[in-house]
S.K.: 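Below are the structure tokens for one structure; questions will follow.
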Amino acid sequence: MNSFGRAHFSDQLPTSLDRKNCVLIYDQILSRQHGSWIRKFPNRLAVKSGETLKDVKILPRHLTAILNLSADIPRTQLTVVAFGGGSVGDFAGFVASVLKRGVKLIHIPSTWLAAMDSAHGGKTALNVGQAKNQIGSIYFAQDTYLVKKVLLKVPRTQVQDALGEFYKMALISGGAIWKAAVNEASPDGDFLWRHLRLVIRGKMQIVKKDPFETKGIRHLLNLGHTVGHVLETELGLSHGRAVHLGTLFSLNWSCQQGFFKFMLVPALWPSQSELKRSLKAVKNPRQKLRLDKKTSDGDAIQFVFVRKPGRVFVRKMKMKDLLKEWKRQCQ
Ligand SMILES: NC(=O)c1ccc[n+]([C@@H]2O[C@H](COP(=O)([O-])OP(=O)(O)OC[C@H]3O[C@@H](n4cnc5c(N)ncnc54)[C@H](O)[C@@H]3O)[C@@H](O)[C@H]2O)c1
Ligand SMILES: [Zn+2]
């Protein structure tokens, strides 16, 4: 193992965990399909997934329950196991990073978003009211289990939503994964499973160069997110669809800036007219873009551009130029 942890790919949920020393924190909806595996953990906490789970206000209640569950486990053996989507992973990861000043953490992601993205890279997060992810730590899991039996049961609509993040990562990494993305006409869960290893590798290559987000390199992973976040919050789109549209916006702007002339994109991409409609539906984009603290710094914005698949880069742009481009892509 290195300090970034290990990823394990398997057909079934792991049976080798030292269960008596684990506290399993799991999305309650998983007990329907994976109840017999869950019930083998003597110390377990069912949680309701979503942004309220990440609300700092409910942290004390959960911490009290977790401390009770782990009372007889020696600190050095204690392991928090997070079984769920990104909200459960962010929450349980944070708990592991502060519980008794830090205990072992294992992720078992149960959504495609978590399997491709949030379970890797060490970011944990809680929300303060409406301010998302404002509290957190960078705390790497010791092991992350990617389980085919779990992920292939995810409903098809969620697979469609996850494609935005898949294509984002494919564009960042380029090579075999982008080629596969372009050549696949109807990507489904099997397709995502076959390429999961490459997606994770692509993310971790970037994370390893900038694990604590101090060099600006990790910012590349925000491709499509500047515009995507605005579409997600303003129009209520799923995160994946919004990122997909945001990535198309980035490609259009990159082309307009002359970074490339032509690029073949996968057949299943959102159309230019869907992007246009979505951009037009946002009232006062300037105000909404400025709320994105991750990218905006007063009147400047760190925008991720694409030169070609496998070559993306960040450039500081003026807010007024981004707004001009927003307007251009509305026409
Ligand atoms: N830490 C990071 O690097 C990082 C990166 C991206 C996103 N995030 C965070 O991740 C969260 C979004 O992730 P998410 O969409 O996985 O969130 P989620 O945990 O809210 O799950 C989404 C929905 O899927 C359901 N679900 C979970 N497993 C399922 C399964 N196997 N089958 C069917 N339904 C299932 C959940 O109950 C929930 O209703 C956000 O809070 C976001 O901030 C974190
Ligand atoms: Zn994202």
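As the structure lists them, so they are numbered: ligands from 1, and atoms in each ligand from 1.
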S.K.: Check contact between K132 and ligand 1, using heavy atoms of the residue and a distance below 4.0 angstrom.
M.R.: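 Yes, K132 has heavy atoms under 4.0 Å from ligand 1.
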S.K.: Of the side chain and backbone of H239, name the one, both, or neither that has a heavy atom under 4.0 Å from an atom of ligand 1.
M.R.: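 The answer is neither.
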S.K.: Q33 to ligand 1: N or O pair under 3.5 Å?
M.R.: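 Not met; the criterion fails.
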S.K.: Considering only protein heavy atoms, which is closest to atom 10 (O) of ligand 1, and at what distance to one decimal place?
M.R.: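 The closest one turns out to be G86 CA, 3.3 Å.
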S.K.: Charged N to carboxylate O under 4.0 angstrom, K320 versus D299?
M.R.: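 Not counted as a salt bridge, because no side-chain N and carboxylate O are separated by less than 4.0 Å.
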S.K.: Give me the nearest non-hydrogen protein atom to atom 6 (C) of ligand 1 as residue plus atom name, then the distance to 0.1 Å.
M.R.: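 Sorting protein heavy atoms by distance from atom 6 (C) of ligand 1 puts D117 OD2, 3.6 Å first.
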S.K.: Kindly indicate whether a cation-pi arrangement holds for R307 with F313, taking the cut-offs as under 6.0 Å to the six-membered ring centre and within 45° of the axis.
M.R.: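 The answer is yes; both the distance and angle limits are met.
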S.K.: Between D90 and ligand 1, which part of the residue brings a heavy atom under 4.0 Å of the ligand: side chain, backbone, both or neither?
M.R.: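 Looking at D90 and ligand 1, just side chain atoms fall under 4.0 Å.
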S.K.: Does at least one non-hydrogen atom of A125 fall below 4.0 angstrom from an atom of ligand 1?
M.R.: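 Contact absent.
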S.K.: Would you be so kind as to tabulate the donor-acceptor pairs closer than 3.5 Å made by side chains of residues 74-86, with sequence neighbours excluded?
M.R.:
unit_1 : atom_1 : unit_2 : atom_2 : d
R75    : NE     : K100   : O      : 2.7
R75    : NH2    : G102   : O      : 2.9
T79    : OG1    : Q77    : O      : 3.2

S.K.: Tell me the contacting part of L151 for ligand 1: side chain, backbone, both, or neither, using a 4.0 Å heavy-atom threshold, strictly below.
M.R.: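 No part of L151 comes within reach of ligand 1.
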S.K.: Taking the Zn ion (ligand 2) as the center, what protein N, O or S atoms are found at less than 2.8 Å?
M.R.: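 E165 OE2, H225 NE2, H239 NE2, with waters left out.
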S.K.: For ligand 1, which part of K153 has a heavy atom less than 4.0 Å away: the side chain, the backbone, both, or neither?
M.R.: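 Answer for K153: neither.
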